[in-house]
4 protein chains.
Amino acid sequence: MEVEVGFLGLGIMGKAMSMNLLRHGFKLTVWNRTLSRCDELVEHGASVAETPAAVVKKCKYTIAMLSDPSAALSVVFDKDGVLEQICNGKGYIDMSTVDSDTSSKISEAITSKGGSFLEAPVSGSKKPAEDGQLVILAAGEKALYEEALPAFDVMGKKSFFLGHVGNGAKMKLVVNMIMGSMMNAFSEGLILADKSGLNPQTLLDVLDLGGIANPMFKMKGPTMIQKSYSPAFPLKHQQKDMRLALALGDQNAVSMPVAAAANEAFKKARSMGLGDLDFSAVHEAVKFPESSS
Amino acid sequence: MEVEVGFLGLGIMGKAMSMNLLRHGFKLTVWNRTLSRCDELVEHGASVAETPAAVVKKCKYTIAMLSDPSAALSVVFDKDGVLEQICNGKGYIDMSTVDSDTSSKISEAITSKGGSFLEAPVSGSKKPAEDGQLVILAAGEKALYEEALPAFDVMGKKSFFLGHVGNGAKMKLVVNMIMGSMMNAFSEGLILADKSGLNPQTLLDVLDLGGIANPMFKMKGPTMIQKSYSPAFPLKHQQKDMRLALALGDQNAVSMPVAAAANEAFKKARSMGLGDLDFSAVHEAVKFPESSS
Amino acid sequence: MEVEVGFLGLGIMGKAMSMNLLRHGFKLTVWNRTLSRCDELVEHGASVAETPAAVVKKCKYTIAMLSDPSAALSVVFDKDGVLEQICNGKGYIDMSTVDSDTSSKISEAITSKGGSFLEAPVSGSKKPAEDGQLVILAAGEKALYEEALPAFDVMGKKSFFLGHVGNGAKMKLVVNMIMGSMMNAFSEGLILADKSGLNPQTLLDVLDLGGIANPMFKMKGPTMIQKSYSPAFPLKHQQKDMRLALALGDQNAVSMPVAAAANEAFKKARSMGLGDLDFSAVHEAVKFPESSS
Amino acid sequence: MEVEVGFLGLGIMGKAMSMNLLRHGFKLTVWNRTLSRCDELVEHGASVAETPAAVVKKCKYTIAMLSDPSAALSVVFDKDGVLEQICNGKGYIDMSTVDSDTSSKISEAITSKGGSFLEAPVSGSKKPAEDGQLVILAAGEKALYEEALPAFDVMGKKSFFLGHVGNGAKMKLVVNMIMGSMMNAFSEGLILADKSGLNPQTLLDVLDLGGIANPMFKMKGPTMIQKSYSPAFPLKHQQKDMRLALALGDQNAVSMPVAAAANEAFKKARSMGLGDLDFSAVHEAVKFPESSS
């Protein structure tokens, strides 16, 4: 592979993704705010640059995987940031999960300098990142999507091109909204089973054999029964996504009573101080008050 | 196999199930209201009896698979019915889907004659019945469950013994309640995607790769997009199950706001005249009014 | 006034109502399970009879105001009950609050003996009963309604004739359903005000000056702020009425998402052990968990 | 009365309010974008100024009653606007209904120039404005509130001082949220009555005699039965207030399932194209599909 690819942000996700790129022969220049986190990548053949601008200068296109919107903005707009070197012929691909305002702001800045831009949030967390099994929801410049496809094929099991910037974030909201409503339905069912004299574990077994069997029920069910809510996806983020999905529905006059009811349950959970636990902790709000029997 | 087993009711489900029993060497005596439907079974080695009572008289235990509660009651209580021959040492297994009142009434009548009883509703429709892949939710007399286990192993991929009579029906209600809420969440997501400028088919593809992928989304999604609602499970039955699950929650003081919201959507669909279509037709109620754009 | 009127049941409501009849010159024969409760009425001119049957035998029409469905049934069907003497030319008016099944059962029994029947549940509690300010929701035999109108005019500020038996109970359910949903909306508003830094008492003052000012907000608001829920109308009865109203909607395919959400909140309150408190105690379920700030 | 008071905005509301001030002897200088609308005021003794700045220059405090946030901002920030003359010792009172962002922006600008500020949205429309029967929800500078109290007493039947800027708008949102949920409960009740064979007009009569009787039911009930939705308060504005109230709840982790369900019904009504009708037109969404019987 001859093309030089940049990679900004080597957190849990970014490290796993860039490692996969190296393993598949990509020529990589990396940068991280704490530069020492680059060491392991260097051992596997990556180059290091001292600033985001330096990465962009050197590479045909640059991928970013930052922790939150403020980090995503800072890497582009701050001194020595992406904007200083982006130009016609270069691409910038932000795979961080950010809101659509942040994504639009970055997109406009990049394109106004002549660069091409892609938002490409992913579905999947640490394990799929390591295994190259992410689902990539890309939107923006189609030509850049095609250029980056070999990299996407390495990092993910599947990538989608969804049209103009903003659609990647929207798709994620829709998926997470369905997931949040399902989690509430699942929680109500577990509690109904328990209070009606059925064994919740048996419910899990029955569900797993039927038409609505899915990985989330299989993975979260046993931990919910044990009241174990170690955060894979924090409840406050799930509730934020429900809120944003409902806001998207509001803009488009889509009535979503089930999602709205689920959102109120997540808010109740937040008011109980469960926001930093896993989103399955909504189970505690749904079942309150715990029966003593 | 030496034990003589009875089988009452040779509709779509009953025929498939009894054929599987024959294929696996069970000695079967069958009965159906329209006796001609027994012919194919006879060709495969079954005996025929002229009345439910005659089947019971001849067999160690008898399985029934009837279309609805009134048929289930009639086969037991009418002249020449099960009650006339059931007695100590004989078992009766009703695999029909009936409400808990019907099940209790049959249970009491059978046991008051000294017979043993099992309710054993199934999860799964025609195809799983043919393939011996049903999920069987049995409750009642444990000894009879154990006696019938070889038959259950042939008809289903898995059977559960859930305790006293009524628990089989309750388990089905809990599963169907979760399914109904999920269907609504799914429908809201498809519409939100569509109205927000995303391709609903792409949403299906994305969902199918993630943590909430499940057979129902995979099977119903494409037909919902095409507005095709050929009834596998009629909406009015799904709504009835939602109502009964909510009533079960009412008895046990379980608050289920998401299921309640989903139930109101199914009621809206009923009021639109969609009760006889597939339960996925709730999609039409959720998306009304169809945008012309 | 020459007509002899019977009155069965001298609880808080019945005593106040019969006292009003006496005060306005009605000739009354009364009965109560505990006969000593008749004494005060006798001092004001009532006759006493020893059984419901004896009251009916003596009177042109007989009014009943019993505590619950089982008392209402017992007074009619038990030995020495209403049925033994009811006949052509005599009327029976049940003003108790009972479910429609109970009302139908009594209606059929009375009319099969040739008697005429009216269900006439009331809106209003102790104070309006004493002041002759009840609202009377009558349904059944129109001629009996007209015959009893002078008595209704004394006991209530207004009576309605609503058609066939069952409509009185239905009208009460509809009113109570609206009331229950309003109580939830009110509770949510009080909590939103409080958590948003507004004084809930000021909200009450503002509400009382506007287009949605109503006696319930005025009366219940201050006690809800003080967490005082002395039962005027027990929460478990309000929730039962919500459930019955939703069931009525189910029969008629009426989708009622707001009532359904309110019902789930009342169920949550029941699960918290608040069923015997006033229905305004749903406030505790809505605001849980109480913020410490 | 010696103090010179300014008044900006002479629409339906502003004209009625300023006329009341004149009638009670206030010395008034008025301005309106279309100056000809000032004529009637001048006939009753008002002075006219050619710009908002000129009004402020002349007056101790100035009241504004503009149609929407953009008008409210324009009058303050544009050339010849309020900001050019506001200063220490002068007050500005915005009685328009605006969102809290707009209110904050104006407040900051006024106070940064040394002026004092009050937001004072009102509850009540044309008729109460003419009759001096508005309810005034003031928040901001307490001293200015006290200074303006004589004017508030003339324009309204009651004014409240609610603390810091933003609280006036919040109080309005809470009231409108309760109102919107009540409207839905009322609509569901009217439809349940109708579909259950009761006369909706009789329901109105019964409601009007009971504990939840209120002016809104009395006024809107008959027009809803007649499907007449001439806009007193447009549905799209009601739905916007529901959304903002829910957003306020989101910020403060207040779960409001009944308001959320009501909001979804208003959204459904918007999607049916009813946004410009009166908010009672949600009735059409609740009852869809209209039964032909």
Side-chain angles (χ1 to χ4, degrees), chain C residues 123-124 135 137 157-158 160 162-164 167 170-171 173-175 177-182 184-186 188-189 191-193 195-199 202-203 205-207 209-217 219 245 248-249 251-262 264-265 286-287 291, chain D residues 123-124 135 137 157-158 160 162-164 167 170-171 173-175 177-182 184-189 191-193 195-199 202-203 205-207 209-217 219 245 248-249 251-262 264-265 286-287:
Chain C
S123 170
V135 175
L137 306 173
K157 61 180 167 187
K158 176 83 179 167
F160 294 89
L162 301 169
H164 57 73
N167 283 356
K170 281 181 193 172
M171 184 61 85
L173 286 182
V174 175
V175 170
M177 180 202 81
I178 297 174
M179 181 172 75
S181 294
M182 271 175 67
N184 270 270
F186 182 48
E188 291 181 3
I191 294 160
L192 180 58
K195 295 285 176 72
S196 305
L198 301 171
N199 186 336
T202 307
L203 172 60
D205 295 341
V206 172
L207 285 171
L209 291 162
I212 55 174
N214 65 84
M216 181 175 80
F217 286 4
M219 187 157 60
L248 185 62
Q251 285 163 36
N252 296 290
V254 179
S255 179
M256 300 185 289
V258 166
E264 297 308 313
V286 175
K287 85 174 156 204
S291 140
Chain D
S123 169
V135 175
L137 306 173
K157 61 179 166 186
K158 176 82 179 168
F160 294 90
L162 301 169
H164 57 73
N167 283 356
K170 282 180 192 171
M171 183 61 85
L173 286 182
V174 174
V175 171
M177 180 202 82
I178 298 174
M179 182 172 76
S181 295
M182 270 175 67
N184 270 271
F186 182 48
S187 172
E188 291 181 3
I191 294 159
L192 180 59
K195 296 285 176 73
S196 306
L198 302 171
N199 186 336
T202 307
L203 173 60
D205 295 341
V206 172
L207 285 171
L209 290 161
I212 55 174
N214 66 83
M216 180 175 80
F217 286 4
M219 188 159 60
L248 185 61
Q251 284 163 36
N252 296 290
V254 179
S255 179
M256 299 186 290
V258 166
E264 297 308 313
V286 175
K287 86 175 155 201

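Each chain gets a letter, A, B and so on, in the order the sequences are listed, and its residues count up from 1. Predicted, not measured: the structure shown is a model, and the values here were computed from it.
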Worksheet item: Which region of D:L198, side chain (C-beta onward) or backbone (N, CA, C, O), has a non-hydrogen atom less than 4.5 Å from a non-hydrogen atom of chain C, or is it both or neither?
Response: side chain

Fill in: Among C:V174, C:I178, C:I191, residue most engaged with chain D (heavy-atom pairs, under 4.5 Å)
C:I178

Worksheet item: What part of C:V135 is in contact with chain D, defined as an atom under 4.5 angstrom from a non-hydrogen atom: side chain, backbone, both or neither?
Response: side chain

Discussion item. Nearest 0.5 angstrom please: C:M256 CE to D:N184 CG, how far?
Written reply: 12.5 Å

Practice prompt. Heavy-atom distances under 4.5 Å only: say whether C:A245 touches chain D with side chain, backbone, both or neither.
Written response: both

Practice prompt. Quick one: which of C:V206, C:T202, C:L207 has the most heavy-atom pairs under 4.5 Å with chain D, could you say?
Written response: C:V206

Item to complete: Using a cut-off of under 4.5 Å on heavy-atom pairs, state which of C:H164, C:M216, C:E264 scores highest against chain D.
Response: C:M216

Worksheet entry | Region of C:L248 that comes under 4.5 Å of a non-hydrogen atom in chain D | both

Fill in: Leading residue by heavy atom contact count with chain D [cutoff under 4.5 Å; candidates C:S181, C:A265, C:A185, C:G124]
C:A185

Discussion item. So which atom in C:A213 and which in D:P215 form the shortest heavy-atom distance, rounded to 0.1 Å?
Written reply: O-CD, 3.4 Å

Worksheet item: Quick check: does any side chain N or O of D:E188 sit under 3.5 Å from a backbone N or O of C:V258, one acting as donor and the other as acceptor?
Response: yes

Worksheet item: Closest approach of C:L192 and D:M177, non-hydrogen atoms and distance?
Response: CD2-SD, 3.9 Å

Response to the item:
Note: C:A261 and D:A261 closest approach over all heavy atoms is CB-CB, 4.3 Å

Worksheet item: Out of curiosity, D:N199 CG to C:F160 CZ, how far, rounded to the nearest 0.5 Å?
Response: 10.5 Å

Item to complete: Could you tell me whether a side-chain N or O of D:K157 sits under 3.5 Å from a main-chain N or O of C:L209, the two making a donor and an acceptor?
Response: yes

Fill in: C:K195 side-chain N/O to D:Q251 backbone N/O, donor-acceptor pair under 3.5 Å
no

Worksheet, complete the sentence: With chain D, the option among C:V254, C:L203, C:L173, C:V286 that has the most non-hydrogen atom pairs under 4.5 Å is C:L203

Fill in: Greatest number of heavy atom pairs closer than 4.5 Å to chain D - which of C:K158, C:M171, C:M219, C:M179
C:M171

Worksheet item: Where on D:L137 is there a heavy atom nearer than 4.5 Å to chain C: the side chain, the backbone, both, or neither?
Response: side chain

Worksheet item: How close do C:S196 and D:N252 get, heavy atom to heavy atom, and via which atoms?
Response: OG-ND2, 3.5 Å

